[in-house]
Each structure stands twice: as structure tokens, then as C-alpha cells.
Amino acid sequence: MLYLASQSPRRRELLARLGLPFAMLDVDVPEVRAPGESAIDYVRRVARDKARAGLRAARDIGLVIGADTEVVLDDVVFGKPRDAADAAAMLRRLAGRTHQVVSVVVLADAHGEREAVSTSQVTFGALDDATIAAYVASGEPEGKAGAYAIQGAAQAFIAHLSGSYSGVMGLPLHETAGLLRDAGLLGATGPALAGAAA
């Protein structure tokens, strides 16, 4: 059985595109960057912690996907905004600049873990205060790393994207599919035979 250690509707939607049956697991993992921890190491650790928490919840049966996605600018990790003011402050800092979106996927089972990293470069155009205020008022930044959702109205902010659209959205499908192929759950063109997933 395949599990997704997340309640994110975006990750659920993305994983469903690969055509495999899976169940959702609700895990509670602290997302606090340790002193001296690099941005990439932080994202990798949180994804790993989610996969491990999911595996415990699944009682070590099946395969569990844990993932984390963060926006990084000048080695500052822009997580989910605390409130509207925090969201607006994040967007002001991202406006007119290129930031990284680091997305890490960990596939874990009772025998070990596999990991894949996707790093995308996202360039925002200039954003005036009225545009930022209207976007924040829409509620879309809530619960989103970097205070924006690439699949929503924030698409209009993006002047250039180099990397993975699905990675910026929250689950890089190319890397996730590769992990699932390595585990025997996906064939070259889609889900492997049901027996392979048992």
C-alpha cells in the first residue's frame, strides 16, 4: 500500500496524476530550522521526518511518501506566513527578485529510504503595494510556503520559472515518479501491475 504523509490537497492532487492508488496520513512534524542548518538540509530533514512519522502511523507496512517544499531567498527560508502582515512582508521581499523553491521527496518503507531533491528558480516581477494587499486579502497565501500558490492567482506574478512547476506546487512529479519506479510501483508509462505493488 502506498501512503502520502500529508493532508495537503495540492500534494494529493499531484500524486493522483501518477495513477496509483494511495491513502493519506495525517502527521504532525515540527518545522523549525535548527541553528546553523542550511536551507537544503532543513528541507531534507523535514521531508524525512514526515516520511518516518508516516511510516510509524502505517505501522511499518507499505511505502510512505514524505515531502517538504520551501521558498528560499538569501538563505532565508520563507515558510508559511503567520498572518496577513507576514504574508505581505514575504511578498514584498520576493517582488522583483529570483528565489529558489526547494522540494524534497522521501519514499520510506521498513527497509530504508530513498530521496529526491528538486530545486527551481522562480523570478517574480515587480509588485506594488495594492497588488500585494489584494492578493493577501484573497486568502490564497494562507498555509503556502513563501505566501503564494503557483497554481493560483500568483501565476501572474511569475516572470520566469526554471525548474519544476509541480515542485513549486509542492510535489515534484518527475522526481516522485522516479522514486516510485525504483520501488517497482510505476512502469515506464504508468502504474506497474497490481502484483508489483502488493
Side-chain angles (χ1 to χ4, degrees), residues 4-15 24-51 53-54 65-106 117-172:
L4 176 63
S6 173
Q7 289 297 307
S8 164
R10 295 168 298 284
R11 289 197 177 110
R12 180 176 64 233
E13 174 192 340
L14 287 166
L15 185 56
M24 306 280 286
L25 294 170
D26 192 4
V27 297
D28 186 16
V29 171
E31 297 187 31
V32 180
R33 189 177 177 187
E37 188 174 36
S38 71
I40 181 63
D41 285 345
Y42 166 66
V43 182
R44 291 175 67 187
R45 176 175 57 81
V46 172
R48 194 166 54 243
D49 288 349
K50 289 179 180 179
I65 294 173
D68 190 49
T69 300
E70 300 292 350
V71 169
V72 182
L73 178 66
D74 298 332
D75 198 44
V76 175
V77 174
F78 289 63
K80 301 175 182 70
R82 294 182 302 274
D83 52 29
D86 192 34
M90 288 184 188
L91 292 167
R92 279 194 295 271
R93 290 184 66 181
L94 296 174
R97 298 192 62 191
T98 299
H99 61 268
Q100 287 187 318
V101 178
V102 180
S103 194
V104 177
V105 183
V106 175
V117 179
S118 168
T119 302
S120 300
Q121 306 289 330
V122 181
T123 303
F124 270 22
L127 301 175
D128 59 30
D129 288 343
T131 299
I132 290 172
Y135 183 65
V136 171
S138 75
E140 191 172 277
E142 185 178 342
K144 312 293 193 308
Y148 75 91
I150 192 171
Q151 72 276 17
Q155 287 184 63
F157 303 163
I158 298 172
H160 184 74
L161 165 66
S162 175
S164 168
Y165 179 91
S166 58
V168 176
M169 193 170 161
L171 187 72

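- Taking the salt bridge (charged side-chain N to carboxylate O under 4.0 Å, His left out) definition, one finds that Glu37 meets it with Arg45, sequence neighbours left out.
- Separating the CG atom in Asp26 from the OG atom in Ser6 is a distance of 8.5 Å, to the nearest 0.5 Å.
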Go through the steps for Asp74 and Arg93 under the test salt bridge (Lys or Arg N to Asp or Glu O under 4.0 Å), then give the verdict. CA-CA 10 Å; Asp74 298 332; Arg93 290 184 66 181; 5.1 Å; no
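- In this structure, the side chains of Val106 and Val104 come closer than 4.5 Å at one or more pairs of heavy atoms.
- Smallest separation of non-hydrogen atoms from Ala67 and Leu171: CB-CD1, 3.8 Å.
- For the residue pair Val101 and Val122, the shortest heavy atom distance occurs at CG2-CG2, 3.9 Å.
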Return a table of donor-acceptor pairs under 3.5 angstrom between the side chains of residues 140-154 and protein atoms on other chains or two or more places apart.
from: Glu140; atom 1: OE1; to: Ala153; atom 2: N; distance (Å): 3.3
from: Glu140; atom 1: OE2; to: Tyr135; atom 2: OH; distance (Å): 2.6
from: Glu140; atom 1: OE2; to: Ala153; atom 2: N; distance (Å): 3.1
from: Lys144; atom 1: NZ; to: Glu140; atom 2: O; distance (Å): 3.0
from: Lys144; atom 1: NZ; to: Glu142; atom 2: O; distance (Å): 3.3
from: Tyr148; atom 1: OH; to: His99; atom 2: NE2; distance (Å): 2.7

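- Minimum heavy-atom separation, Gly54 to Leu25: O-CD1, 3.3 Å.
- In this structure, the side chains of Thr123 and Arg97 stay at 4.5 Å or more apart for every pair of heavy atoms.
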Test Val77 against Val71 for side-chain contact (heavy atoms from CB on, under 4.5 Å), laying out the working first. CA-CA 6 Å; Val77 174; Val71 169; over 6 Å; no
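- Counting heavy atoms from C-beta outward, Leu4 and Arg11 have side chains that approach closer than 4.5 Å.
- Each of Lys50, Arg44, Lys80 was compared with Asp68 under the salt bridge (Lys or Arg N to Asp or Glu O under 4.0 Å) criterion, and only Lys50 meets it.
- Leu15 has its side chain within reach of Ile65: a pair of non-hydrogen atoms, C-beta onward, lies under 4.5 Å apart.
- Here the CD1 atom belonging to Ile132 is positioned 5.5 Å from the CG atom belonging to Leu91, to the nearest 0.5 angstrom.
- Summarising the geometry of Val32 relative to Tyr42, their closest heavy-atom pair is C-CE1, 3.5 Å, with the distance given to 0.1 Å.
- One N or O on the side chain of Ser120 and one on the backbone of Ser164 form a donor-acceptor pair closer than 3.5 Å.
- Two residues are said to be in side-chain contact when any heavy atoms from C-beta on lie closer than 4.5 Å; Val105 and Pro172 meet this criterion.
- A heavy-atom distance below 4.5 Å is not found between the side chains of Glu70 and Gln100.
- For residues 66-88, no pair satisfies ring pair (Phe, Tyr, Trp, His ring centres under 6.0 Å), with sequence neighbours left out.
- The shortest heavy-atom contact between Leu94 and Leu73 is CD2-CD2, 4.1 Å.
- You'll find the side chain of Arg33 stays beyond 4.5 Å of the side chain of Val46, heavy atoms only.
- The closest side-chain heavy-atom distance from Thr98 to Phe124 is not below 4.5 Å.
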